[in-house]
Amino acid sequence: MDKEIKILAIESSCDETAAAVVKNGREICSNIISSQIELHTLYGGVVPEIASRKHMEKIDQVVSAALKEAGETIQGMDAIAVTYGPGLVGALLVGVAHAKAYAWAAGKPLVGVNHIEGHIAANFLQYPELTPPFLCLVVSGGHTHLVRVLDYGETEILGRSRDDAAGEAFDKVARAIGLGYPGGPKIERAAKDGDAKAIAFPRPGFSDAPFDFSFSGLKSAVLNYLNECKMKGLSYSQADVAASFQAAVTDILTERAELALSETGEKRLALAGGVASNSAIRSSLQAMCEAKGADFYVPAPILCTDNAAMIGAAGYYEYRKGNRAALNLNAVPGLKIGERG
Ligand code: KG4
Ligand code: ZN
């Protein structure tokens, strides 16, 4: 049996300061998340400068808590993994600078991890038996990608959003109907009391690129609907707008994923990213996969939102491949999926 590999992982790309200890890329020894959501709610969205300052305040505590909960010390780690992109530059830099300092001080190798690949790797924690290849739909606040995971850290992009990410659309629509930040969970809650068929919002697509997404058209349709109501002096139902919008996003995602399963012949579909917490989207994809005889994988909600355990999982496979970051590792805010910075 191979030696056990333990990784201390750090994540600070947006508004969660997180650290985790992960064993062999599959087992969570600890997963500490300090969320700044309440703070940013006051401003209606993430304020980058505040995010960086809060990361600075919390990061050492969060790392210590992750090691303590795992019953480990930094000397017991085989490597330090850190998200170096994509994300907010100032926020990323806090995690990167601290990871470099820990790695240097403890004499441990440093591994840079792509945040989006971290989201995909959350599935390896939830399903220790899951191995590539499989299809993965990554839906977060900043990214919407339909990919084929060929191997660990190796993806082929089938489709992507040409404009807003799915989570971004949830956040913008939530703001427009007065639900505020964070939009996704608030729309999901409001939608429970609404009629998903009340308003026929469009399900935009591209005939030349059937796996690509466009969410800004859908968002504009919602804004137009709200404007029309206002101009006619009519009131609208927040719950019906939320439910009808959520149904449109769900249909778009389900339809693309179904087509991808058919066209690629893959029999496994995984879901990843913050939007993957949405129960309407989860059940729709689950039902579609069942009908097609495919297996559906989705991490528990705590592993869908930003966390460091997923970075430890992705970091493990980078470590196994011998990928090491130098101590001049920099934050790459626009890092693309599959890109090595
Ligand atoms: O993956 P994530 O935590 O951060 C990024 O890497 O972007 O995703 C955050 C996004 C936000 O846009 C948030 O509104 C959305 O995920 N989200 C949801 C739900 N929970 C979070 N969207 C729909 N339904 C949810 N329950
Ligand atoms: Zn994320």
Side-chain angles (χ1 to χ4, degrees), residues 9-18 20 31 33-37 40-41 44-46 48 51 82-88 91-92 95 113-123 136-145 160-161 164-177 179-192 194 196 213 215-216 218-219 242-243 245-250 252-254 270-285 298-311 313-314 333-337:
I10 297 176
E11 153 67 40
S12 70
S13 66
C14 190
D15 58 349
E16 330 278 351
T17 320
N31 187 20
I33 305 172
S34 168
S35 176
Q36 308 175 357
I37 281 188
H40 297 290
T41 299
V46 179
V82 64
T83 305
Y84 71 105
L88 302 169
L92 286 165
V113 175
N114 181 312
H115 181 81
I116 313 172
E117 291 173 20
H119 274 302
I120 297 173
N123 280 284
C136 187
L137 185 56
V138 190
V139 275
S140 73
H143 303 273
T144 306
H145 283 96
R160 56 155 63 83
S161 175
D164 292 355
E168 199 177 347
F170 268 97
D171 294 334
K172 287 178 177 169
V173 167
R175 191 175 308 154
I177 60 174
L179 288 172
Y181 172 85
K186 290 193 169 164
I187 292 220
E188 179 172 359
R189 214 167 305 130
K192 288 197 188 347
F213 304 87
F215 289 106
S216 88
L218 171 57
K219 172 200 67 190
F245 163 76
Q246 182 174 271
V249 177
T250 303
I252 293 166
L253 296 176
T254 308
L271 185 62
V275 180
S277 303
N278 186 286
S279 46
I281 295 173
R282 292 162 85 99
S283 357
S284 168
L285 287 165
V298 61
I302 191 72
L303 296 175
C304 288
T305 45
D306 289 348
N307 66 87
M310 69 185 197
I311 303 304
L335 189 68
K336 303 270 187 301
I337 191 165

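For clarity, every value in this text was computed on a predicted model and none was experimentally measured. Remember, it's 1-based here, ligands and their atoms both numbered in the order they're listed.
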What's the separation between atom CE in Met310 and atom CG in Asn123, rounded to the nearest 0.5 Å? 11.0 Å

I'd like the name of whichever of Val138, Ile37, Val275 reaches closest to atom 15 (C) of ligand 1 through any heavy atom. Val275

With a 4.0 Å cut-off on heavy atoms, does Cys14 reach ligand 1? no

Below 4.0 angstrom from a heavy atom of His115, which ligand 1 atoms are there? Numbered from 1 as shown, please. 6 (O)

Taking non-hydrogen atoms only, is Pro182 closer than 4.0 angstrom to ligand 1 via side chain, backbone, both or neither? neither

Which one of Pro301, Gly167, Gly274 has a non-hydrogen atom at the shortest distance from atom 1 (O) of ligand 1? Gly274

One finds that the ligand 1 atoms under 4.0 Å from a non-hydrogen atom of Asp306 are 1 (O), 2 (P), 3 (O), 4 (O), 5 (C), 6 (O)

Distance filter under 4.0 Å to His119 heavy atoms, resulting ligand 1 atoms: 1 (O), 6 (O)

Gly142 heavy atoms within 4.0 Å reach ligand 1 at atoms 7 (O)

Polar contact flag, side-chain donor to acceptor under 3.5 angstrom, Gln36-Ser34: no

Spell out the protein N/O/S atoms under 2.8 Å from the Zn ion (ligand 2) as residue plus atom name. His115 NE2, His119 NE2, Asp306 OD1

Heavy atom of the protein closest to atom 24 (N) of ligand 1 (residue, atom name, distance): Asn278 ND2, 3.0 Å

